[in-house]
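In what follows, a structure is listed as structure tokens, so that the remarks can point back to it.
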Amino acid sequence: MDGGNQSVVSEFVLLGLCHSWNTQVLLFLIFLMLYIIIVSGNTVIMVLIVSDPHLHSPMYFFLANLSFVDMWLSSVTTPKMITDFLRENKTISFGGCMCQIFFAHFIAAGEMVLLVVMAYDRYVAICKPLHYSTIMNWQRCTGLVVTSWNIGLMHALSHLVVIVKLPFCGPRAIDSFFCDIPLVIKLVCMESFNLDILMNVDCGFVGVTCFAMLLISYTYILLTVRQSSKTGASKALSTCTAHITVVVIFFVPCIFIYVCPLNITWLDKFLAVFYSVFTPLLNPAIYTLRNKEMKNAIKRLRNIYMGYKGNT
């Protein structure tokens with residue numbers, strides 16, 4: 001083959017989660033319902049935060065961005081997975097495969113940085129309360145969100161530039177429900193050991209760096225909380241517990257898929273489903289069920305709707 005992408009593979013075959021037709025129909029119904037809940041739940045959070053003046057603060061601004069990111073993280077892979085449950089031939093074009101890889105890593109890396117930004121916001125609020133409004137002004141908040149998107153974009157491009165130029169000449173079967181770098185690399189017509197290491201290092205740099213920064217932030221927060229009053233400490237711990245729960249359920253699957261792969265097919269599939277479906281599903285529940293302000297905002301919105309309905 002000459003230089004450039006000399007791929008003779010125009011499409012890949014996705015083997016999916018299972019082979020039983022009855023099981024696939026059941027999974028179709030389950031994941032369709034979950035996807036509807038993900039989109040509607042995250043949309044409700046964004047609408048609440050934008051429309052309710054009580055939630056116009058940096059913490060909820062970041063939460064609205066997290067809901068937006070979660071909705072798109074699930075949308076990269078879940079709709080394709082749902083429709084494939086009802087198809088006998090589960091194929092994806094070469095271009096579609098590259099798009100899945102690009103957007104999955106773009107959005108996931110952006111979410112990692114956004115979680116660090118949210119931890120920094122809580123650090124400033126709890127550890128430097130007197131300077132909070134000065135430090136976390138709207139210009140800085142917007143800049144931090146834009147930075148998370150830019151880092152995600154650079155991370156995804158660094159993968160795409162390498163992957164798209166690799167020679168693919170068969171086989172073309174991917175043992176998963178979407179295209180992902182570790183699985184696609186196995187199909188290249190060349191020795192892929194060094195490439196595997198390069199991709200793991202690239203993913204590991206973003207993932208491990210963000211995870212370390214999160215640990216540092218929450219360590220400082222917890223040390224500060226120990227010296228606070230019981231009321232303030234209880235409120236701070238409640239907020240931080242929600243954040244830490246989201247961090248754990250998002251980072252743990254990513255670490256075992258990209259940084260320290262276990263190479264166990266069924267477990268890799270489970271982890272991929274977990275971070276692409278269940279993480280975007282759990283985030284709205286965690287933040288709304290544990291957050292008093294969000295629950296009050298839901299009540300206010302419901303009262304407005306009921307009042308409007310009563311007038312009509």
Is it the case that atom [atom1] in [X] sees more than 12 heavy atoms from other parts of the structure closer than 6.0 Å?
X	atom1	answer
Tyr120	OH	yes
Trp138	CH2	yes
His54	NE2	no
Met46	CE	yes
Trp72	CH2	no

Is [Y] reachable from [X] through a run of hydrophobic residues whose side-chain heavy atoms are each under 4.5 Å from the next?
X	Y	answer
Trp266	Phe177	yes
Leu15	Val184	no
Leu144	Val146	no
Val273	Leu29	yes
Met71	Val50	no

Show the nearest heavy-atom pair for residues [X] and [Y], with the distance to one decimal.
X	Y	result
Asp202	Ser158	OD2-OG, 2.8 Å
Thr77	Ser276	OG1-CB, 3.6 Å
Met98	Val164	SD-CA, 4.1 Å
Leu73	Tyr275	CD2-O, 3.6 Å

Check whether [X] reaches the backbone of [Y] with its side chain - one donor and one acceptor, N or O, closer than 3.5 Å.
X	Y	answer
Ser176	Gly16	no
Asn137	Thr134	yes
Thr78	Ser75	no
Lys128	Ala125	no
Thr83	Pro79	yes

Can you confirm whether [X] sits close enough to [Y] that some side-chain heavy atom of one is under 4.5 Å from a side-chain heavy atom of the other?
X	Y	value
Leu63	Ile45	yes
Asn65	Leu114	yes
Phe178	Asp84	no
Leu195	Leu166	yes
Arg300	Asp52	yes
Gln100	Lys80	yes
Tyr60	Met294	yes
Ser93	Phe12	no

Between Thr279 and Phe274, does the side chain to side chain contact (heavy atoms under 4.5 Å, CB included) criterion hold? Intermediate values first, please. CA-CA 6 Å; Thr279 298; Phe274 193 89; 4.0 Å; yes
Stepwise disulfide bond (SG atoms under 2.5 Å apart) check, Cys97 with Cys179: CA-CA 5 Å; Cys97 185; Cys179 287; 2.1 Å; yes
Distance from [X] atom [atom1] to [Y] atom [atom2], nearest 0.5 Å?
X	Y	atom1	atom2	value
Phe256	Leu271	CZ	CG	8.0 Å
Glu293	Leu55	CD	CG	6.5 Å
Arg122	Tyr218	CZ	OH	9.0 Å
Ile126	Ser217	CD1	OG	10.5 Å

Let's go through Val162 and Met199 carefully: what are the C-alpha distance in whole Å and the side-chain angles of both, what is the deciding distance for side chain to side chain contact (heavy atoms under 4.5 Å, CB included) to 0.1 Å, and is it a yes or a no? CA-CA 9 Å; Val162 175; Met199 293 296 102; 4.1 Å; yes
Among Leu282, Leu34, Ile30, find the one that has a side chain to side chain contact (heavy atoms under 4.5 Å, CB included) with Val277. Leu34
Leu32/Tyr35 under side chain to side chain contact (heavy atoms under 4.5 Å, CB included): CA gap, chis, key distance, verdict: CA-CA 5 Å; Leu32 177 61; Tyr35 183 64; 5.5 Å; no
I would like to know whether Gln24 and Leu17 meet side chain to side chain contact (heavy atoms under 4.5 Å, CB included); could you show each step before the answer? CA-CA 8 Å; Gln24 289 188 76; Leu17 296 179; over 6 Å; no
So [X] and [Y], would you call those rings parallel, tilted or perpendicular, with 30° and 60° as cut-offs?
X	Y	answer
Tyr220	Tyr123	perpendicular
Phe211	Phe251	tilted
His159	His155	perpendicular

Ionic contact status for Asp175 with Lys269, cut-off 4.0 Å: yes
We want to know whether Tyr132 and Asp121 form a side-chain donor-acceptor pair, criterion being a heavy-atom distance below 3.5 angstrom. yes
